[in-house]
Amino acid sequence: MKSSFVVGKIKGISIEVNYSWFAIFGLVSFMLATNYFPQFYPDWNSTLRWMIGGITALMFFASVLLHELAHSLVSIRLGIQVKKITLFIFGGVAQIEKEPDEPLQELKIAIAGPATSVFIAILTYFIAAVLNSTGAPDYATVPFSYISTTNIILAIFNMIPAFPMDGGRVFRALIWRTTGDLKKATKTASSLGVMFGYFLIMVGVLWVLNGDFLNGIWFFFIGWYITQSSQSSYQQLVISDVFNKIRVKEFMTDDVITIDYDLSLLEVVENYFYKYKFASFPVMKNGEVAGIINTDSVRKAHRELWSETTAGSVTIPLDDTLVISPSDTVSVAMEKIFRHSVGRVLVMDGTKLLGIVSRTDILNYIRIHGQFETKG
């Protein structure tokens, strides 16, 4: 079961909502309706408080979406593609395809989000002021004034120099520009991110001990998320740096198990999928690779006809997503495997099959490399 669902596209960017988002949406609505509004607007009835609470929560997450969309649009303008934006329990995240190529790109992308939050704060403050001047009721102005305040807080919070927050990315860009060393800049900014995350965890624990359970738990989990993100961001950069230096020919498995084009699907399942436990195999015809066969393509054929159906009839033809060159870096293989959700890519020199690189090969290497490089 997928953890997110798509609600639409903006400029070719898929907008997804993670199911965890409903938890924070409910929590924000609950806090507004049962705490904030009763304290400052005691004359509102329960129905009005919950209705305005839900509207305000939606406006807040619209602000978060616009914040992430700003990052994404600037990224695309600079030639770095963005696949999707996901709203989840900790806010929003844009899935940017790769790291910026130089510090100025990083700076422009990072600053776009907080700048948008400040713009939203000014705009909603102006709208609230206009509504107040016309004598509009509180319930019409409160959502705008609340969103104005929260966007200022969002901008300030995001500009804290703790990677991978926006301020941490700005900080990294400045160090990168000064030193010319992206790895060193990322390590420094990530270290600050980890420290800030632990600080929030400590604050959360203290609040829980002092009886403020809800805010304490919230700060604890935000701190935990920032700490984990900071550590993994640096580890990912280290792995990416390693993979950009290793050629596929040094990394691939060259003892490739192949399937004959005329073999029946019954034999394929029993003698290959069950025996070797791979999710896909290259299919050979007259000594050349005709394509690949995987579990999905086999399942499309009627099971009772497996003994009469050949592997060739369900073979997936080769295309660029399934093939890499031995001179490509492992990063290229990794990008194809994970971006296109294929289990393995074929290493080929023209029409000659040289080897295979699989998702498992890459994940095992990352796991082992991480055990030796945990100190950075």
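Fair warning: this is a prediction, and the values are worked out from it, not measured in the lab.
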Asks: In sequence, state the C-alpha distance, the side-chain angles, and the governing distance for S325 and D328, and then conclude on side chain to side chain donor-acceptor pair (under 3.5 Å).
Replies: CA-CA 5 Å; S325 163; D328 285 335; 4.8 Å; no
Asks: In this structure, would L58 and L123 fall into the same cluster of hydrophobic residues linked by side-chain contacts under 4.5 Å?
Replies: yes
Asks: For residues T116 and A112, report the shortest heavy-atom separation together with the two atoms involved.
Replies: OG1-O, 2.8 Å
Asks: Tell me whether R49 contacts the main-chain N or O of P38 through its side chain, where contact means a donor paired with an acceptor under 3.5 Å.
Replies: no
Asks: Side chains of P326 and M348: closer than 4.5 Å at any heavy-atom pair?
Replies: no
Asks: Might you work through the side-chain contact (heavy atoms from CB on, under 4.5 Å) test for I259 and M284, ending with a clear yes or no?
Replies: CA-CA 6 Å; I259 290 175; M284 305 297 293; over 6 Å; no
Asks: Does the pair L322 and V345 meet the rule for a side-chain contact (heavy atoms from CB on, under 4.5 Å), with working shown?
Replies: CA-CA 5 Å; L322 299 172; V345 287; 5.5 Å; no
Asks: Whether the side chain of K285 engages the backbone of G291 through a donor-acceptor N/O pair (distance < 3.5 Å, no angle test) should be reported.
Replies: no
Asks: Please tell me whether I153 and V142 are part of a single hydrophobic cluster in this structure, the criterion being side-chain heavy atoms less than 4.5 Å apart.
Replies: no
Asks: Would K336 and D320 count as a side-chain contact (heavy atoms from CB on, under 4.5 Å) here? Give the steps.
Replies: CA-CA 9 Å; K336 288 191 176 186; D320 185 60; 3.4 Å; yes
Asks: Taking the six-membered ring for Trp, are W21 and F61 parallel (under 30°), tilted (30 to 60°) or perpendicular (over 60°)?
Replies: perpendicular
Asks: Heavy atoms, side chains only, cut-off 4.5 Å: are F60 and I24 in contact?
Replies: no
Asks: Measure the shortest side-chain to side-chain distance between Y19 and F5 over non-hydrogen atoms and say whether it is less than 4.5 angstrom.
Replies: yes
Asks: Is it the case that atom CZ in R177 sees more than 12 heavy atoms from other parts of the structure closer than 6.0 Å?
Replies: no
Asks: Please check if the side chain of N210 supplies one atom and the backbone of L206 the other of a donor-acceptor pair under 3.5 Å.
Replies: yes
Asks: Is there a side-chain contact (heavy atoms from CB on, under 4.5 Å) between N158 and S117 once you walk through the steps?
Replies: CA-CA 10 Å; N158 270 283; S117 295; 5.8 Å; no
Asks: In terms of ring plane angle, is the pair Y36 and Y146 parallel, tilted or perpendicular, where the classes change at 30° and 60°?
Replies: perpendicular
Asks: Provide the closest heavy-atom pair for V283 versus I292 in the form atom of the first, atom of the second, distance.
Replies: CG2-C, 4.0 Å
Asks: Find the distance between OH (Y225) and OG (S230) and round it off to the nearest 0.5 Å.
Replies: 9.5 Å
Asks: Under a 4.5 Å side-chain heavy-atom rule over Ile, Leu, Val, Met, Phe, Trp and Tyr, are I111 and I156 clustered together?
Replies: no
Asks: Kindly say whether I80 contributes a backbone atom to a donor-acceptor pair with the side chain of S75 at under 3.5 angstrom?
Replies: yes
Asks: So, do L32 and I52 sit near enough that their side-chain heavy atoms are less than 4.5 Å apart?
Replies: no
Asks: If you round to the nearest 0.5 Å, how far is CD1 of I316 from CG of D296?
Replies: 7.5 Å
Asks: Above 12 or not: heavy atoms from other molecules or residues under 6.0 Å from CZ of F126?
Replies: no
Asks: Would a distance-only check, ignoring hydrogens and angles, find a side-chain to backbone donor-acceptor pair under 3.5 Å from S297 to I293?
Replies: no
Asks: Could you state the interatomic distance from CG (L48) to CZ (F37), rounded to the nearest 0.5 Å?
Replies: 8.5 Å
Asks: Could you check whether R169 pairs with D166 (Lys NZ or Arg NE/NH1/NH2 to Asp/Glu carboxylate O, under 4.0 Å)?
Replies: no
Asks: May I ask you to check whether over 12 heavy atoms, not counting those of F30, lie within 6.0 Å of atom CZ?
Replies: no
Asks: Between K249 and D254, is the closest basic N to carboxylate O distance under 4.0 Å?
Replies: no
Asks: Kindly say whether S358 contributes a backbone atom to a donor-acceptor pair with the side chain of R344 at under 3.5 angstrom?
Replies: no
Asks: Any non-hydrogen side-chain atom of F213 less than 4.5 Å from a side-chain atom of W207?
Replies: no
Asks: Any chance OH of Y198 has more than 12 other-residue heavy atoms, nucleotides or ligands included, within less than 6.0 Å?
Replies: no
Asks: Tell me whether F171 shares a hydrophobic cluster with F163, the cluster being built from Ile, Leu, Val, Met, Phe, Trp, Tyr side chains joined at under 4.5 Å.
Replies: no
Asks: Under 4.5 Å between side-chain heavy atoms, hopping through other hydrophobics if needed: is there a path connecting V314 to F278?
Replies: yes
Asks: If you take all heavy atoms of V357 and A333, which pair is closest and at what distance?
Replies: CG1-CB, 4.2 Å
Asks: Please confirm whether the backbone N or O of V130 pairs with a side-chain atom of S133, one donor and one acceptor, at under 3.5 Å?
Replies: yes
Asks: Between the main-chain N or O of M31 and the side-chain N or O of N35, is there a donor-acceptor pair closer than 3.5 Å?
Replies: no
Asks: Could you give the distance from CG (L265) to CZ (R299), rounded to the nearest 0.5 Å?
Replies: 13.5 Å
Asks: Taking all atoms of both residues into account, what is the closest heavy-atom pair of M252 and G355, and its distance?
Replies: SD-CA, 3.9 Å
Asks: Distance from I226 atom CD1 to I160 atom CD1, nearest 0.5 Å?
Replies: 7.5 Å
Asks: For a 4.5 angstrom cut-off between non-hydrogen side-chain atoms, does L346 reach I356?
Replies: yes
Asks: Return the minimal non-hydrogen interatomic distance between G223 and L200, and the atom names on each side.
Replies: CA-CB, 3.7 Å
Asks: Is atom OH of Y125 surrounded by more than 12 heavy atoms (other residues, nucleotides or ligands) closer than 6.0 Å?
Replies: no
Asks: At their closest point, which heavy atom of S14 faces which heavy atom of K9, and how far apart are they?
Replies: OG-CE, 3.3 Å
Asks: Between CH2 of W176 and CD of Q105, what distance do you get to the nearest 0.5 Å?
Replies: 7.5 Å
Asks: Side chain of T309, backbone of L305: donor and acceptor closer than 3.5 Å?
Replies: yes
Asks: Evaluate the side-chain proximity of H67 to H71: yes if any heavy-atom separation is below 4.5 Å, no if none is.
Replies: yes
Asks: With side chains defined as the heavy atoms from C-beta onward, is the minimum distance between F273 and F281 less than 4.5 Å?
Replies: yes
